[in-house]
Amino acid sequence: MIEDEWLTGWDPTPGIVSVWAEPDGTATLWRRLDRALIREELRFRPWIVTSYADELAAPGITYRELEGEGSLRFLARADDLATLTRAALAGAGRRRGHELGHVRELADEVIVLAPEEQYLCASGQTYFGGLAFDDLRRLQFDLETTGLDPDRDRIFLIGVRDPEGHVELLEGDEPALIARLVATIRAADPDVIENHNLHGFDLPFLQRRAELLRVPLELGRLPGPLRQRGARRGAAAGDRKIRFVAPGRELIDTLDAVLRHDFSTRELPSHGLKAVAKAFGLAADDRELIRGDQIHAVYQRDPERVRRYARSDVEEVALLARTLGGAAFALATMVPRRYERLADAGAATGVIDPLLVRAYLRSGAALPRPAISDGTEHSGAALHLFAAGVAHRVVKADVASLYPSLMRSFQIGPALDRLHALLAIVDRLVEKRLAAKAAAKRAPAGSTERHTFEALSAAMKLVVNSAYGYLAAPGLTRFADVHAANEVTRRGRDVLDVMCRGLAERGVTLLEADTDGVYFAVPETWSELDERRVVTEVGALLPPLVSLEYEGRYAAMLSHEPKNYALLGYDGKLVLRGVAFRSSRAEPFGEAFLRDAIAKLLAGDVVGMHRAYLATITALRGHALPTYDVSSRVRLTKPPAEYLASRDVRRELSYEAMLGAGRTTWSVGDRVRVYRTLTGANIVADPDDETIGVAVTDARDPRDYDTEHYVRLLRDTYASRLARAFTPDDFATLFGAPDQLSLFGAPIAEIGPVLTALGPAELG
DNA sequence: TCATACCGGGG
DNA sequence: GTGTACGGTATGA
């Protein structure tokens with residue numbers, strides 16, 4: 001089937017682990033067959049696609065015209081890419097009446113891919129045929145340096161984990177250190193080199209140090225220094241960003257995989273290695289932690305600690321790369337690009353576009369020039385808040401993959417995609433993904449087989465979910481079509497409306513609806529079966545291929561603002577969502593109060609909630625709370641001199657706190673915990689910041705904070721998040737001026753939470 | 001106070 | 001020879 005060729009190519013050559021090609025038509029393939037590495041030198045014929053045939057009838061160039069509509073219709077080949085670009089530039093120059101310096105100036109008239117991609121696209125080969133992720137030879141290395149600036153700082157230790165899992169710690173004189181790293185890598189001869197932020201830190205730092213120290217940095221399988229390519233994230237090079245390339249090896253940054261993963265799930269607290277390793281359960285319990293800016297100082301007095309730290313770094317990276325890297329590995333079995341490129345590519349421009357270009361060329365079909373915006377506004381998803389306050393017996397129902405489902409159901413694809421290749425690719429991916437998911441389930445937990453199927457499924461999900469984004473990105477993607485994208489969101493809003501109406505008609509109370517999901521409350525008499533039945537019934541009202549799923553049920557919900565709510569599970573677990581409920585600068589006492597108060601409120605204990613409020617006030621006034629609890633974590637962004645210059649005009653708490661504590665020097669970027677005193681401000685030690693274990697013990701706890709300021713803060717910033725749960729009168733009674741509590745309002749015991757419908761439901 | 005610009009990571 | 005989104009924080013008017 002031609003559609004299968006569109007998806008995975010047509011030449012099943014097995015074992016490709018790296019491809020390198022040059023503009024002169026030479027290519028090198030590294031293939032792993034029965035674990036052994038073989039290297040093949042071969043020739044390919046470079047090609048370009050142009051919108052004009054002028055100058056293509058030149059010696060050495062053969063070309064043919066592609067079929068059908070599409071302005072890019074001449075496929076030209078030559079023994080050398082330079083011959084082709086010269087001809088293309090000459091042709092364009094003659095037609096435009098002025099000389100052109102570079103093919104990038106005629107991006108909408110010529111397609112010129114990187115040489116490797118030309119090779120893969122024309123041959124129909126892809127990476128990793130017949131291989132599993134675990135067949136790759138992967139090496140991880142991590143630099144420990146005296147700082148972040150390679151012009152000033154230096155490398156003092158390098159952790160290396162070889163493909164067999166042995167960790168070696170290289171230490172000593174820096175030039176020898178770098179030379180030993182190179183020798184170690186060349187001896188291990190890995191297919192893949194991995195680290196967290198490899199392209200943003202380790203490689204550029206290493207490259208710069210090697211350059212300054214005049215140590216050759218031959219990390220690839222071909223002779224010569226590292227090459228470069230443009231990239232969106234990577235090392236700064238003038239006004240653009242670049243990434244380094246080592247021909248024959250794939251340089252994989254686990255940060256890319258983390259960003260791609262969190263892009264869809266958005267559940268990671270941070271993208272740093274330590275936080276991610278912990279979140280995925282990859283970190284050992286006794287993992288050594290050292291704050292970045294202290295690593296070198298710790299090394300000088302306790303090198304063993306830094307060695308343990310460096311060892312954990314490379315070990316965690318190896319685990320993380322396997323946990324998240326399978327998706328890019330699976331993409332590389334389908335898309336005609338290097339593995340390394342697919343690991344950091346955006347799914348629309350980096351994955352779908354190359355698939356479509358290969359599909360069209362395979363079918364001998366002319367291609368459109370890249371879509372540009374016709375000025376049509378891109379319309380978005382729907383968001384409704386139906387009610388605010390406290391609701392009980394809450395259910396969440398949502399549609400998985402709403403937009404791709406709509407694209408398939410209503411056959412919404414790019415207008416210029418006359419082969420319907422995008423929809424065909426999405427269809428096949430959805431089907432294959434179901435099969436991959438099922439196969440993953442059948443395979444033993446933890447097996448290579450399960451890892452492979454799960455990775456395949458993740459890769460397919462990534463592509464399917466970006467099909468809509470592909471439509472909505474004119475100027476970025478070749479077949480972008482904003483009208484089609486708007487048709488998808490319009491259908492999406494319709495689906496949400498049908499869901500909301502269908503639910504409301506069946507007697508539930510709608511709370512909040514966003515894009516593809518709804519929260520609603522059900523009557524007291526309903527069982528979980530009733531809830532599920534209603535979701536099934538309403539699901540039947542939706543278009544084919546759009547399936548409504550019962551996502552979960554909760555004992556109670558505090559609905560505050562759109563996308564800001566608290567959920568109390570039947571298991572007692574409390575989840576807070578949205579900016580109103582979580583902020584990095586929140587004072588610990590306020591955050592603790594809010595959690596406690598919401599938990600009690602949702603459990604029906606208004607008296608207990610009120611008591612928690614009074615208890616917090618009492619604790620503040622009695623100085624029973626540690627200073628730490630009223631402090632707020634801030635980042636210092638002005639150097640001391642700058643603040644002193646503006647101090648007379650405007651005083652800022654953070655810097656007043658530093659000065660108040662007698663600290664007249666600090667660095668931009670330092671984080672400190674500050675609090676307000678009666679006379680000014682002060683700072684307090686943060687246990688999280690001190691991993692050395694010395695400073696924490698002398699943390700003082702003066703408790704000289706401004707109690708009334710914090711009592712006001714408690715009411716205005718924290719208790720105010722509970723306002724939607726009560727009538728204004730009751731709220732005033734509960735949280736009014738503390739000294740006049742309960743004088744006029746209803747007795748506290750008689751106050752109950754409310755749920756307020758917000759105007760007529762905006763269901764149109 | 002509100003809009004907008006910028007970051008996310010690495011030592 | 002590239003390009004994500006979005007929530008949070010830092011900045012400027």
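At the heavy-atom level, A:Gly230 lies under 4.0 Å from the strands shown only through sugar-phosphate atoms. Here A:Asp313 lies in heavy-atom contact (under 4.0 Å) with sugar-phosphate atoms only. A:Ile295 comes within contact range of the sugar-phosphate backbone alone, with a heavy-atom separation under 4.0 Å but no base atom that close. Residue A:Leu113 is classed as having no contact, given no heavy-atom separation below 4.0 Å to the nucleic acid. Residue contacts shown for A:His296 are absent, as no nucleic acid heavy atom lies under 4.0 Å away. Nucleic acid contact for A:Asp142: sugar-phosphate only, since backbone atoms but no base atoms lie under 4.0 Å from a heavy atom of the residue.
As a whole-Å value, the separation of A:His199 NE2 from B:dG8 P is 18 Å. Per the geometry, CG belonging to A:Leu273 stands 15 Å off C1' belonging to B:dG8, to the nearest Å. Atom-to-atom, CG of A:Leu255 to P of B:dC7 comes out at 15 Å; the value is rounded to the nearest Å. The separation between A:Ile290 atom CD1 and B:dG10 atom C1' is 15 Å, rounded to whole Å. In this structure, A:Phe156 places its CZ atom 8 Å from C1' of B:dG11, rounding to the nearest Å. The distance between atom CD1 of A:Ile352 and atom P of C:dT2, rounded to the nearest whole Å, is 17 Å. In this structure, the CD atom of A:Gln140 is 16 Å from the P atom of B:dG10, given to the nearest Å. In this structure, CG of A:Asp151 is placed 19 Å from P of B:dG11, rounded to the nearest angstrom.
Salt bridge status for A:Arg260 with A:Asp344: absent, with no side-chain N to carboxylate O gap under 4.0 Å.
The line from CD1 of A:Ile295 to CG of A:Leu157 is 10.0 Å long, rounded to the nearest 0.5 Å. A:Leu324 CG to A:Leu282 CG: the interatomic distance, rounded to the nearest 0.5 Å, is 8.0 Å. Here A:Arg478 contributes atom CZ and A:Ile111 contributes atom CD1; the two are 3.5 Å apart, rounded to the nearest 0.5 Å.
Under the 6.0 Å distance and 45° angle rule, A:Arg154 does not count as a cation-pi partner of A:Phe205.
With both ends at atom C1', the span from B:dG8 to C:dA5 equals 12 Å, rounded to whole Å.
For the OP1/OP2 pair of C:dT2 and a distance below 4.0 Å, the side-chain nitrogens and oxygens of A:Arg341 include at least one atom meeting the criterion. For B:dG9, the OP1/OP2 oxygens have a side-chain nitrogen or oxygen of A:Ser270 closer than 4.0 Å.
Proximity note for A:Glu144 (side chain, C-beta onward) versus B:dG11, B:dG9, C:dG3: the nearest is B:dG11.
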